[in-house]
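Here's the structure we're looking at; comments come further down.
On a predicted model such as this, the values are computed, not experimentally measured, just so you know. Chain letters run A, B, ... following the sequence lines, proteins first, then strands; residues in each count from 1. Heavy atoms only: backbone and side chains are in, while hydrogens, waters and symmetry mates are out.
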Number of protein chains: 2
Amino acid sequence: MQTPIPDIVVSRLPVYFQTLQTMQAEGQHTTSSKELGEKLGISAAQIRKDLSQFGEFGKQGTGYIISFLIDQLKTILNMDHSWDVAVIGAGNLGKAIAHYHGFAPQGFNIKLVFDTSPDLIGTNIGDLNILDIDELIPCIKKAGVKIAMLTVPDAAAQAVADELVKAGIEGILNYTSTPLNLPPRVVHLRHSDPVSQLQHMTYYIGKSK
Amino acid sequence: MQTPIPDIVVSRLPVYFQTLQTMQAEGQHTTSSKELGEKLGISAAQIRKDLSQFGEFGKQGTGYIISFLIDQLKTILNMDHSWDVAVIGAGNLGKAIAHYHGFAPQGFNIKLVFDTSPDLIGTNIGDLNILDIDELIPCIKKAGVKIAMLTVPDAAAQAVADELVKAGIEGILNYTSTPLNLPPRVVHLRHSDPVSQLQHMTYYIGKSK
DNA sequence: GAGAATTTGTGAATAATTTCGCAAATTCAG
DNA sequence: CTGAATTTGCGAAATTATTCACAAATTCTC
Ligand SMILES: NC(=O)c1ccc[n+]([C@@H]2O[C@H](COP(=O)([O-])OP(=O)(O)OC[C@H]3O[C@@H](n4cnc5c(N)ncnc54)[C@H](O)[C@@H]3O)[C@@H](O)[C@H]2O)c1
Ligand SMILES: NC(=O)c1ccc[n+]([C@@H]2O[C@H](COP(=O)([O-])OP(=O)(O)OC[C@H]3O[C@@H](n4cnc5c(N)ncnc54)[C@H](O)[C@@H]3O)[C@@H](O)[C@H]2O)c1
């Protein structure tokens, strides 16, 4: 890799990838940057520029063969093999995530679930046994899990995240509202905070009144 | 408003707002763009530029009085009053959201919950009664709810979203993995898709191996 | 109270991102 | 087979976003 691909480009690839998968599921065989762009509200030029960072995947006059482009994106995103994931915190949200059947078909297998509560440890979510948070480091190391979804109460978020780093986790999807402070070269952080997203909306909704 | 504030600036305001609230809860009285920036991994200059779009809220030598800046951001984000929210789809995720006690303190009251399932309609989540999706339009209009969180199965997402628009909803937080096609001047859309966020991570995690 | 230290707000410079525009390749219509 | 229509990939231009750098205001130190 000569110059690193801009992160903003990388952030759009999963969107292209999933839209192409939907098109394929609907029986479509080829598409164009124009069609994809209209579906996503993005300019055709942007899609072509983004893809051109990684190679030449299309054909003039025809556009893109969906199955081929999906395969290419799968490799680029390292989704040509599946990933094991740990869920930390088996409360309302952690349970919903662990029950959700939409991750596995996309290549994310929930392998480990942890909690502190003695009422939960040892019980099952589906066929997953809830493990003691004290076993976090050895279990994650042993299983070689690299990705965690953090669904503990806000007050515990930073401490648990620090443990995750010690356990060798490389990616954390943070569902708490705490902005985590972690070494940036070691862990890839992504924040999913519905309150921020709602406040982003209320800025505009309020204005229109 | 002369020139509209760039959306990327607006998107950072909720992050500032929430961090300031945490600082205040910890008993802190003033802060500076430097301190806030270090906490968030953002440059001090960026924070000052962002805030300067809305006015002059700080003082040379001192920085910002946290309570004052919180009040200003509250007004800017239209969070000086609370907002009613509807949850559409009372499944795993919809239930977790409806049970979650973190929205109300932030000014978002879950007022209405809808589902199609006869097994769920009429039952309660906490003290919320699950309503029939057939009543969506009249109920939302009557309650004057402007914001919806969409947690129905992917296959139903677009159809339900179209109904929400007819009901006069102005903001949709989309938890499904379907990219919705809606009139952009009418509805403010925000997408929360964990699979995309995980794939954004796997791009980088794979590379480091 | 004088001088050092902080810190803001902002114009200018720099950097990043998006859009434009077009040659080249390909397909389509008749 | 010919001319019109599509569509890509990409360099260049335009736009947008971030950082720099500094005067001015304020506080802190002794
Ligand atoms: N429920 C939602 O819809 C929702 C939405 C957005 C964000 N969140 C965020 O997700 C987080 C969890 O929310 P929730 O509603 O599931 O809360 P919850 O209280 O239902 O669940 C938290 C779980 O974490 C466990 N826990 C506590 N400390 C722990 C530790 N140190 N290690 C491991 N497990 C620990 C608790 O025993 C509990 O089971 C919160 O930070 C919340 O802000 C939740
Ligand atoms: N569970 C998760 O952790 C999770 C995570 C990310 C995304 N999602 C997304 O959230 C959505 C819901 O997931 P879930 O796990 O809660 O699924 P679920 O099947 O548990 O719940 C969906 C609910 O929607 C109801 N429903 C179906 N059609 C409806 C309609 N037309 N109108 C109103 N209600 C209707 C169903 O009766 C069900 O109660 C899915 O699109 C999924 O991709 C879920």
Between B:Val9 and A:Ser52, the residue closer to the 5' end of DNA chain D by nearest nucleotide is A:Ser52
Exercise: do A:Asp193 and A:Gln197 side chains pair donor with acceptor under 3.5 Å:
no
| said: What contact category does A:Leu51 fall into here, base, sugar-phosphate, or nothing, at under 4.0 angstrom with non-hydrogen atoms? | reply: nothing
Closest to the 5' end of DNA chain C, once A:Ile8 and B:Arg48 are matched to their nearest nucleotides, is B:Arg48
Closer than 4.0 Å, any side-chain N/O of A:Arg12 to the OP1 or OP2 of C:dT18? yes
Rounded to whole Å, CD1 of A:Ile47 lies from P of D:dT7 at a distance of 13 Å
task: May I ask you to evaluate whether B:Tyr64 reaches the phosphate of C:dG9, defined as a side-chain N or O under 4.0 Å from OP1 or OP2?
output: yes
request  = For C:dT18, take OP1 and OP2 only and decide whether either is under 4.0 Å from a side-chain N or O of A:Ser43.
outcome  = no
Is the distance from OP1 or OP2 of D:dT7 to the nearest side-chain N or O of A:Thr62 less than 4.0 Å? no
*asked:* Please determine whether any donor N or O and acceptor N or O are separated by less than 3.5 Å between the side chain of A:Lys49 and the base of D:dG11.
replied: yes
In whole angstroms, the gap separating C1' of D:dG9 from CD of A:Gln60 amounts to 7 Å
Rounded to whole Å, the CZ-C1' distance (A:Phe57 to D:dC10) equals 15 Å
Atom CD of B:Glu35 and atom C1' of C:dT7 are separated, to the nearest Å, by 13 Å
Looking at side-chain heavy atoms only, is the closest gap between A:Ile88 and A:Thr151 below 4.5 Å? no
Is the backbone of B:Thr30 close enough, under 3.5 Å, to the side chain of B:Gln28 for a donor and an acceptor to pair up by distance? yes
| request: Determine yes or no for a side-chain-to-main-chain donor-acceptor pair under 3.5 angstrom, with A:Asp115 supplying the side chain and A:Ala90 the backbone. | output: yes
If you compare every side-chain N and O of B:Gln46 against the phosphate oxygens of D:dT18 (OP1, OP2), does one of them come in below 4.0 Å? yes
